[in-house]
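Written out below as structure tokens is the structure these notes cover.
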Amino acid sequence: MRAMKSCLLLLLVLFFCCQYSSAKIVRVEVTGTEVYDGAKKFGDAGEYIKISGWAYGEVDPNNSLNSIIQDIQLAPRNIRGKVEYVTQFILLRPMNMSRCNGILFLSLPNRGNVFPPDTALLKRGYIYLWTAWQGDVLPGNDRIMIDVPVAKDSGRIITGKIRSEYEVSDITKTLNLSSGYFSGLTHHSYDALKFDNSDATLTKRVHEEDKPELIPNSDWSFSDCRTAAYPGVPNTSNISLKGGFDPNYIYELVYTGKDPLVMGLGFAAIRDVASFFKYQLGDERGHPNPLIVHGDTTTPVKAAIMQGVSQCGNFTRTFLQLGFNENENKKIVFEGVNDHIGTRRVSLNIRFGRPGGGGTQREDHLFPSHEPPFTWDVTIDPISGVKGGILEKCIQTNTCPKIIQTLSSTEYWQLRASLRTTDPYSKKDIPIPSNVRIYLFNSTQHSPFKMNDKVSGFTTNDNSYYPNLRAVLIALENWVLKDKQPPASLYPRIDNNTLATPDKKSLGWTDIPGVPYNGKVNDGALIDQGPDYNYKYVSGILREPPVELKDKFYHVLVPKVDKDDNELGGIRNTTVLAPLGTYTGWSLRQKGYGEGDLNALNGMFIPFKNTKEERMAAGDQRLSLEERYQTHEGYVNAVKKAADELVGKGFLLAEDAANIIATAAASDVLKPHP
């Protein structure tokens with residue numbers, strides 16, 4: 001009996017050693033637990049609990065799953081020979097875990113900013129998780145953080161050439177050295193090696209393709225002029241320009257920086273934090289997994305889904321391509337992925353990496369991340385000679401998730417979405433894998449919102465894709481949990497004549513009075529980033545400045561439009577099926593802001609005239625509201641018909657359809673004025 005007890009004890013010890021020997025989250029520290037949103041009840045899931053804390057991770061730099069991380073061999077190691085990181089996390093879980101549906105839904109923070117949870121998913125019993133991955137985010141405004149180490153060469157400082165581009169919307173005296181158009185003042189700067197700027201250059205140009213004009217070194221400095229006149233207070237994290245940075249120009253700085261962060265650890269952090277909450281009962285110090293209810297011997301997670309939006313969508317693609325969907329126990333991390341409005345890869349696994357860069361037609365145009373492979377499946381790119389695909393590694397390890405990629409129109413105009421579904425010469429469609437669905441939300445901009453945009457001079461496009469996105473997320477849930485097939489992919493294609501070159505005739509663009517159109521799109525050449533950069537894996541060390549290989553050029557295509565200049569080929573939501581105007585995913589910059597270039601990620605809303613007389617007087621060929629709907633009731637009926645059609649196709653939930661119809665009924669469209 002004693003021998004049997006000893007044997008059982010040994011088995012238990014071995015069991016827990018196996019549980020923790022390869023778990024890379026060594027400690028979980030819960031810093032706050034509270035009832036979420038005033039104890040509001042979310043459908044059948046009821047009340048939620050919010051849990052906040054820190055996860056302490058360590059990575060074996062010699063493990064083949066980690067060795068791809070740039071500079072991991074140059075990171076400091078602990079006494080166990082491991083590289084450490086610390087990351088914040090936030091969990092939302094049902095108070096009564098018997099009401100959880102088993103989905104761990106990781107919503108990736110964008111530049112440290114947490115997206116609010118979708119209440120429709122909370123009602124279904126989702127566990128929401130947010131955890132940080134971007135090591136250059138600065139604290140503040142509730143951004144969540146990850147602390148990653150600085151690489152050193154045998155204890156010595158590592159230096160290198162760094163190139164930064166700056167664009168502003170207003171005259172600005174001082175910027176962080178890291179202040180790209182999309183990162184602003186919220187990102188860590190790689191400090192200049194010294195205050196003296198004699199070995200650095202700053203140039204300006206109006207358009208991306210213009211020849212740069214050198215700015216004298218006496219007219220700018222590594223300094224802060226926010227509280228003092230130029231040249232300001234010396235500061236190796238900031239740059240100041242005499243007279244200020246002007247919105248009409250692109251400024252480019254090349255300087256010597258120091259102390260690169262081991263940013264690629266962000267991939268390992270997402271892998272390991274998600275794996276901990278999904279698979280582990282507790283950490284190495286005996287702290288329980290916060291999802292474990294007292295007495296449970298397994299975690300409540302049946303499957304995990306990762307959602308990345310915009311920059312984070314680029315992260316999901318790179319995460320999969322670099323093989324991080326396999327954890328160190330050889331298990332799959334995420335069974336489902338929603339790559340939303342992200343078509344590139346993310347420049348995280350690069351020495352002096354800055355994943356906040358844009359890669360658009362004007363903003364950060366030459367930054368890495370637009371290189372091949374573009375496709376989900378493994379293909380050969382004849383222009384670059386690269387063979388590969390986003391799913392190449394997970395196919396080899398049987399760890400590929402089910403993927404729903406969702407796009408706005410902006411991704412076609414600004415982020416080369418067409419190259420993900422066509423050959424590199426844009427001559428024919430290519431097949432997509434059976435585990436991938438791609439949906440374009442027609443005539444939407446990157447992030448829907450309404451404002452008067454001073455850069456373009458137009459109202460931005462607030463055509464919301466969120467109700468349609470919600471429907472396809474639930475389709476992804478059913479695909480993952482029940483193997484229920486989601487609707488077939490719906491995106492513009494060459495073979496059905498919904499994808500075209502951006503010239504007016506091919507596109508079908510009808511001139512609208514007062515609206516400029518020049519066919520500008522973000523195509524471009526393959527970029528030579530130097531011999532130490534691997535553009536297949538977006539990894540390595542950049543040579544600055546890069547060189548465009550003009551003979552290796554990629555032409556992109558965009559969605560064709562109907563007679564109202566609204567798009568074809570994707571999911572046409574109620575706003576497009578019963579339109580009040582033209583909705584674009586692009587706009588052009590006006591005078592004083594780099595006139596004629598594409599305007600970042602903003603589109604336009606150009607309303608229809610109310611009557612035929614008004615449109616004829618304006619020279620507008622688009623039918624007026626009265627000609628389309630006759631009355632307010634006619635408009636509401638058109639919206640209802642469109643909503644019912646979308647519900648039937650699986651692209652809209654019934655509850656969202658009811659809200660959309662009610663909003664149309666409450667609107668003043670064609671209502672007689674008292």
Side-chain angles (χ1 to χ4, degrees), residues 29 31 52-57 59 69-71 75 83-90 106-116 129-151 162 164-166 174-191 235-239 257-274 306-316 318-319 324 341-342 344-359 363-364 367-369 447 538 601:
E29 177 186 336
T31 57
S52 305
W54 293 86
Y56 294 76
V59 169
I69 296 173
Q70 178 65 36
D71 290 335
V83 176
E84 297 179 339
Y85 64 86
V86 185
T87 183
Q88 279 182 277
F89 69 85
I90 302 170
L106 172 61
S107 176
L108 291 167
N110 189 307
R111 297 170 175 83
N113 299 299
V114 168
F115 291 100
L129 168 65
W130 298 267
T131 190
W133 59 270
Q134 188 176 345
D136 64 345
V137 171
L138 295 175
N141 199 32
D142 296 324
R143 289 184 289 274
I144 66 172
M145 311 289 296
I146 180 173
D147 183 21
V148 298
V150 171
I162 299 175
S164 293
E165 289 189 7
Y166 309 112
T174 297
L175 294 166
N176 286 359
L177 291 183
S178 64
S179 295
Y181 185 85
F182 297 103
S183 54
L185 299 174
T186 62
H187 288 52
H188 163 85
S189 291
Y190 291 114
D191 279 12
N235 188 317
T236 54
S237 297
N238 298 136
I239 180 172
K258 63 180 181 178
D259 292 335
L261 297 170
V262 187
M263 297 275 281
L265 281 167
F267 292 119
I270 293 300
R271 176 194 66 196
D272 295 339
V273 171
M306 172 169 58
Q307 183 186 48
V309 177
S310 189
Q311 175 210 35
C312 305
N314 302 330
F315 176 95
T316 65
T318 320
F319 177 91
F324 285 97
I341 57 175
R344 301 182 295 130
R345 291 173 293 163
V346 72
S347 55
L348 187 70
N349 200 41
I350 294 173
R351 181 176 290 180
F352 297 111
R354 285 156 298 155
E363 298 85 8
D364 299 332
F367 269 45
S369 69
S447 296
V538 200
L601 303 176

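If you're wondering where the values come from, they're calculated on a predicted model, not measured in any experiment.
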Margin query: Donor-acceptor pair, distance only, cut-off 3.5 Å: does the side chain of W130 make one with the backbone of F115?
Written below: yes
Check: Got a second to check how far F352's CZ is from K258's NZ, nearest 0.5 Å?
Finding: 10.5 Å
Notebook entry, point to check: F267 vs F319 aromatic rings, parallel, tilted or perpendicular, using cut-offs 30° and 60°?
Noted result: tilted
Note to self: Working note: R354 + F367, criterion side chain to side chain contact (heavy atoms under 4.5 Å, CB included); need CA distance, chi angles, decisive distance, verdict.
What the structure shows: CA-CA 9 Å; R354 285 156 298 155; F367 269 45; 3.9 Å; yes
Note to self: Has Q311 got a side-chain atom pairing as donor or acceptor with N110's backbone, closer than 3.5 angstrom?
What the structure shows: no
Check: For M145 and W54, which heavy atoms make the closest approach, and how far apart are they?
Finding: O-CZ3, 4.1 Å
Notebook entry, point to check: Roughly how far apart are T236 OG1 and Y190 OH, rounded to 0.5 Å?
Noted result: 14.5 Å
Check: Of all heavy-atom pairs between R351 and D71, which one has the smallest distance, and what is that distance?
Finding: NH2-OD1, 2.7 Å
Next item on the list: Could you walk me through whether I341 and V309 pass side chain to side chain contact (heavy atoms under 4.5 Å, CB included), step by step?
Entry: CA-CA 6 Å; I341 57 175; V309 177; 3.8 Å; yes
Next item on the list: Could you tell me whether the side chain of T87 and the main chain of A132 form a donor-acceptor pair under 3.5 Å?
Entry: yes
Margin query: Please enumerate all residues that pass side chain to side chain contact (heavy atoms under 4.5 Å, CB included) together with S52, with sequence neighbours excluded.
Written below: T31, K50, I90
Next item on the list: Write down the atom of G184, the atom of S179, and the distance for their closest heavy-atom approach.
Entry: O-OG, 2.8 Å
Next item on the list: Heavy atoms only: give me the nearest Q134-G356 pair and the separation to one decimal.
Entry: NE2-N, 4.1 Å
Note to self: Determine whether a donor-acceptor pair (N or O, by modelled atom type, separation under 3.5 Å) exists between the side chain of S164 and the backbone of S178.
What the structure shows: no
Notebook entry, point to check: So, the side chain of R344 versus the backbone of G358: is there a donor-acceptor pair under 3.5 Å, distance only?
Noted result: yes
Next item on the list: Indicate yes or no for a side-chain donor-acceptor contact from S310 to the backbone of G342 under 3.5 Å, with no hydrogens or angles considered.
Entry: no
Notebook entry, point to check: So how far is it from N176 CG to L185 CG, rounded to the nearest 0.5 Å?
Noted result: 5.0 Å
Checklist line | R143 side-chain N/O to L138 backbone N/O, donor-acceptor pair under 3.5 Å | finding: yes
Item checked: Heavy-atom pair of closest approach, residues H188 and L261 -> CD2-CD1, 3.8 Å
Item checked: side-chain contact (heavy atoms from CB on, under 4.5 Å), paired with V538, selected from I350, N314, N349 -> I350
Next item on the list: With rounding to the nearest 0.5 Å, note down the distance linking OG in S347 to CE in M263.
Entry: 8.0 Å
Note to self: Test your reading of the model: is there a side-chain donor-acceptor pair from E165 to the backbone of D364, 3.5 Å cut-off?
What the structure shows: yes
Next item on the list: Apply side chain to side chain contact (heavy atoms under 4.5 Å, CB included) to V59 and D272, showing your working.
Entry: CA-CA 9 Å; V59 169; D272 295 339; 4.2 Å; yes
Margin query: If I take atom CG from residue L348 and atom OG1 from residue T318, how far apart are they, to the nearest 0.5 angstrom?
Written below: 8.0 Å
Note to self: Any non-hydrogen side-chain atom of I69 less than 4.5 Å from a side-chain atom of F324?
What the structure shows: yes
Margin query: Could you check whether any side-chain heavy atom of I144 comes within less than 4.5 Å of a side-chain heavy atom of V114, counting everything from C-beta outward?
Written below: yes
Margin query: What's the separation between atom CD1 in I146 and atom CG in D136, rounded to the nearest 0.5 Å?
Written below: 11.0 Å
Check: Can you find a heavy atom in the side chain of S447 that is under 4.5 Å from one in the side chain of L601?
Finding: no
Checklist line | Candidate pair D191 and L177, rule side chain to side chain contact (heavy atoms under 4.5 Å, CB included), full reasoning | finding: CA-CA 7 Å; D191 279 12; L177 291 183; 5.6 Å; no
Item checked: Considering all heavy atoms, the nearest V148-G135 contact -> CG2-CA, 4.2 Å
